[in-house]
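The chain is numbered in sequence order, starting from 1. When a ligand or atom number is given, it counts from 1 through the structure's own listing order. It should be emphasised that the depicted structure is a prediction, and the values quoted were computed from it without experimental measurement.
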Amino acid sequence: MVRIGIIGSEGRMGQALARAVTDGGHELAGGIDRGGDPAALADRSDVLVDFSAPVALEANLHAAIGAGIPMVIGTTGLEDRHHVAIDNAARQLAVLQTGNTSLGITLLARLVREAAASLGPEWDIEIVEMHHRMKVDAPSGTALLLGEAAAAGRGIELAGNSESGRDGHTGARQQGAIGFAALRGGTVAGEHSVIVAGEEERLTLSHSAENRMIFARGAVKAAQWLIGRDAGRYAMDDILAPDPAPAATGA
Ligand SMILES: NC(=O)C1=CN([C@@H]2O[C@H](COP(=O)(O)OP(=O)(O)OC[C@H]3O[C@@H](n4cnc5c(N)ncnc54)[C@H](OP(=O)(O)O)[C@@H]3O)[C@@H](O)[C@H]2O)C=CC1
Ligand SMILES: O=C(O)C1=N[C@H](C(=O)O)C[C@H](O)C1
């Protein structure tokens, strides 16, 4: 049994997480929200799970380092300076950051990387996501994660090779760019499609989150997996089974 402390505990994800912690046979060490004390929470936890807001990140990392415990970061809308803070913290603690804790998206990212590596830059990659009306950041963390996977498959950096927020006379699409479109409405838990569009054919790789419990269960799995790991920065892909051996020829 692992004692799990939740940051953002009264939020949509925080409440789902509390259920997943007890469903998974673990102990809820407690939770905090805006104005709470992450150091006190860390002192009574074996691992912290953060689904709150980017502004909280540095104090939360500091608390985890102070208590000598690992941390799962699910918060999205992170900027470069947040990633630098995570890299620095990862010298002292095991930290897993991801825009999506579901196993389905983790596998989808592998498939996207393979598709991008197999098909040349003449195939246009567009990432479309839809979320509930309350979501505050765009593109979603998942869309960016999938964009990074596509860029990695192509051997390019996503920064400098992406297009988003098209409106008005945009001019033609830049060849090799990875495009993003974000839709918001209703109560959608999370829809992501990666469209790979070529000459007269189109491939679509999609994932639908039917309920945010999939993220909560994945986060609990990640928290449990982090216990006892060496300091370092980890990703959900580290938890998934290794890539299977290449298919036999002639299949
Ligand atoms: N990686 C993944 O798989 C997933 C990531 N997410 C991400 O998780 C985050 C939370 O999503 P969601 O639960 O829907 O959002 P909510 O707005 O429902 O919840 C956020 C919670 O964080 C709290 N909070 C805000 N600021 C702070 C702070 N400085 N310190 C501590 N707590 C704070 C809020 O408290 P208060 O109301 O007092 O401000 C609130 O309880 C988002 O970034 C979202 O994109 C969501 C789903 C899956
Ligand atoms: O805010 C959400 O709800 C979600 N956020 C994550 C994201 O930004 O991708 C993950 C999931 O899609 C739900």
Next item on the list: Report, as yes or no, whether the 6.0 Å neighbourhood of atom CD on Glu122 holds more than 12 heavy atoms from other residues, nucleotides or ligands.
Entry: yes
Next item on the list: Return a yes/no value: protein heavy atom under 4.0 Å from atom 19 (O) of ligand 1?
Entry: yes
Check: Tell me, do Leu108 and Leu146 make a side-chain contact under 4.5 Å, heavy atoms counted?
Finding: yes
Item checked: Backbone N/O of His192 and side chain of His207: donor-acceptor pair under 3.5 Å -> no
Checklist line | Close-contact set for ligand 1 against Gly99 heavy atoms, below 4.0 Å | finding: 1 (N), 2 (C), 3 (O)
Checklist line | Inter-residue atom distance Glu27.CD - Arg44.CZ, 0.5 Å rounding | finding: 10.5 Å
Note to self: Quick one: does any side-chain atom of Arg110 pair with a main-chain N or O of Thr106 as donor and acceptor, under 3.5 Å?
What the structure shows: no
Notebook entry, point to check: Of Leu203, Val112, Thr204, which meets side-chain contact (heavy atoms from CB on, under 4.5 Å) against Val196?
Noted result: Leu203
Margin query: Using side chain to side chain contact (heavy atoms under 4.5 Å, CB included), reason through Leu17 and Phe51 one step at a time and then give a plain yes or no.
Written below: CA-CA 9 Å; Leu17 262 169; Phe51 283 81; 3.5 Å; yes
Check: Among Arg173, Glu163, Arg202, Gln174, which one satisfies side-chain contact (heavy atoms from CB on, under 4.5 Å) with Asp124?
Finding: Arg173
Margin query: Tell me the protein heavy atom at minimum distance from atom 5 (N) of ligand 2, and give that distance in Å.
Written below: Lys135 NZ, 3.2 Å
Item checked: Residue and atom name of the nearest protein heavy atom (relative to atom 9 (O) of ligand 2), distance in Å to one decimal -> Thr142 OG1, 2.4 Å
Note to self: How far is atom 2 (C) of ligand 2 from the closest protein heavy atom, and which atom is that?
What the structure shows: His132 NE2, 3.6 Å
Next item on the list: Before signing off on this row, confirm whether His192 and ligand 2 have an N or O atom pair separated by under 3.5 Å.
Entry: no
Checklist line | Option among Leu226, Val95, Val72, Ile239 that satisfies the side-chain contact (heavy atoms from CB on, under 4.5 Å) test with Tyr234 | finding: Leu226
Item checked: Test of proximity, Arg212 against ligand 2: N or O pairs below 3.5 Å -> no
Item checked: Residue Thr76 vicinity, atoms of ligand 2 by number, heavy atom under 4.0 Å -> 6 (C), 7 (C), 8 (O)
Note to self: Can a donor-acceptor pair be found, under 3.5 Å and without considering hydrogens, that links the side chain of Asp50 to the backbone of Ser52?
What the structure shows: yes
Check: Where does Ala189 meet ligand 2, judged by heavy-atom distances below 4.0 Å: at the side chain, the backbone, both, or neither?
Finding: backbone
Item checked: Which residue and heavy atom of the protein sit nearest atom 15 (O) of ligand 1, plus the separation -> Arg12 NH2, 3.5 Å
Next item on the list: Report the part of Ala53 in contact with ligand 1, treating N, CA, C, O as backbone and CB onward as side chain, heavy atoms under 4.0 Å; options are side chain, backbone, both, neither.
Entry: side chain
Next item on the list: Could you check which of Val72, Ile73, Asp33 puts a non-hydrogen atom nearest to atom 23 (C) of ligand 1?
Entry: Asp33
Check: Within the structure, does Thr76 bring an N/O atom to less than 3.5 angstrom of an N/O atom in ligand 1?
Finding: yes
Margin query: Keeping His82 on the side-chain end and Glu79 on the backbone end, is there a donor-acceptor pair under 3.5 Å?
Written below: yes
Notebook entry, point to check: Should one rank Gly141, Gly77, Gly218, Ala56 by closest heavy-atom distance to atom 30 (N) of ligand 1, which comes out on top?
Noted result: Ala56
Notebook entry, point to check: Between Leu17, Val136, Leu57, Thr101, which one has a non-hydrogen atom sitting closest to atom 3 (O) of ligand 1?
Noted result: Thr101
Checklist line | Option of least heavy-atom distance to atom 39 (O) of ligand 1 (set: Met134, Arg34, His131, Gln15) | finding: Arg34
Next item on the list: Check each atom of ligand 1 against the heavy atoms of Thr75 and keep those under 4.0 Å away; list them by number with element.
Entry: 43 (O)
Item checked: Numbered atoms and elements of ligand 1 in range of Lys135, under 4.0 angstrom, heavy atoms -> 45 (O)
Checklist line | Within reach of ligand 1, part of Phe51 (heavy-atom separation under 4.0 Å) | finding: both
Check: Which atoms from ligand 2 have a heavy atom of Ser140 less than 4.0 Å away?
Finding: 7 (C), 8 (O), 9 (O)
Margin query: I'd like to check whether Gly74 has a polar contact with ligand 1, where a contact means an N/O of the residue lying under 3.5 Å from an N/O of the ligand.
Written below: yes
Next item on the list: Please assess Gln97 against Met71 for the test side chain to side chain contact (heavy atoms under 4.5 Å, CB included), listing each intermediate value before the final yes or no.
Entry: CA-CA 8 Å; Gln97 180 273 324; Met71 180 165 159; over 6 Å; no
Next item on the list: Could you give me the CA-CA distance, side-chain angles and deciding distance for Ile4 and Leu28, then say whether side chain to side chain contact (heavy atoms under 4.5 Å, CB included) is met?
Entry: CA-CA 5 Å; Ile4 299 179; Leu28 192 56; 5.5 Å; no
Notebook entry, point to check: Nearest protein heavy atom to atom 9 (C) of ligand 1, by residue and atom, and its distance?
Noted result: Ser52 O, 3.6 Å
Notebook entry, point to check: Got the closest protein heavy atom to atom 6 (C) of ligand 2, with its distance?
Noted result: Gly99 O, 3.6 Å
Check: For Phe215 and ligand 1, does the shortest N/O to N/O distance drop below 3.5 Å?
Finding: no
Notebook entry, point to check: Who's the nearest protein heavy-atom neighbour of atom 13 (O) of ligand 1, and how far?
Noted result: Met13 N, 2.8 Å
Checklist line | Spatial distance of atom CE (Met130) from atom CZ (Arg184) [nearest 0.5 Å] | finding: 9.0 Å
Check: Can you list the steps and then say if Leu240 with Leu107 is a side chain to side chain contact (heavy atoms under 4.5 Å, CB included)?
Finding: CA-CA 8 Å; Leu240 214 59; Leu107 177 60; 4.2 Å; yes
Checklist line | Single hit among Arg133, Glu129, Lys135 for side chain to side chain donor-acceptor pair (under 3.5 Å) with His131 | finding: Glu129
Next item on the list: Look at atom 7 (C) of ligand 2 and find which of Ala138, Gly141, Ser102 reaches it with the closest heavy atom.
Entry: Gly141
Checklist line | Phe215-ligand 2 polar pair, N/O distance under 3.5 Å | finding: no
Notebook entry, point to check: Can you tell me how far the CG atom of Leu103 sits from the CG atom of Asn100, to the nearest 0.5 Å?
Noted result: 9.5 Å
Margin query: For atom 21 (C) of ligand 1, what is the closest protein heavy atom, and at what distance to 0.1 Å?
Written below: Gly8 CA, 3.7 Å
Checklist line | Taking atom 12 (O) of ligand 2 as the reference point, the nearest protein heavy atom with its distance | finding: His131 NE2, 2.5 Å
Notebook entry, point to check: Which one holds for Thr98 and ligand 1: side chain close, backbone close, both close, or neither close, with close meaning a heavy atom under 4.0 Å?
Noted result: backbone
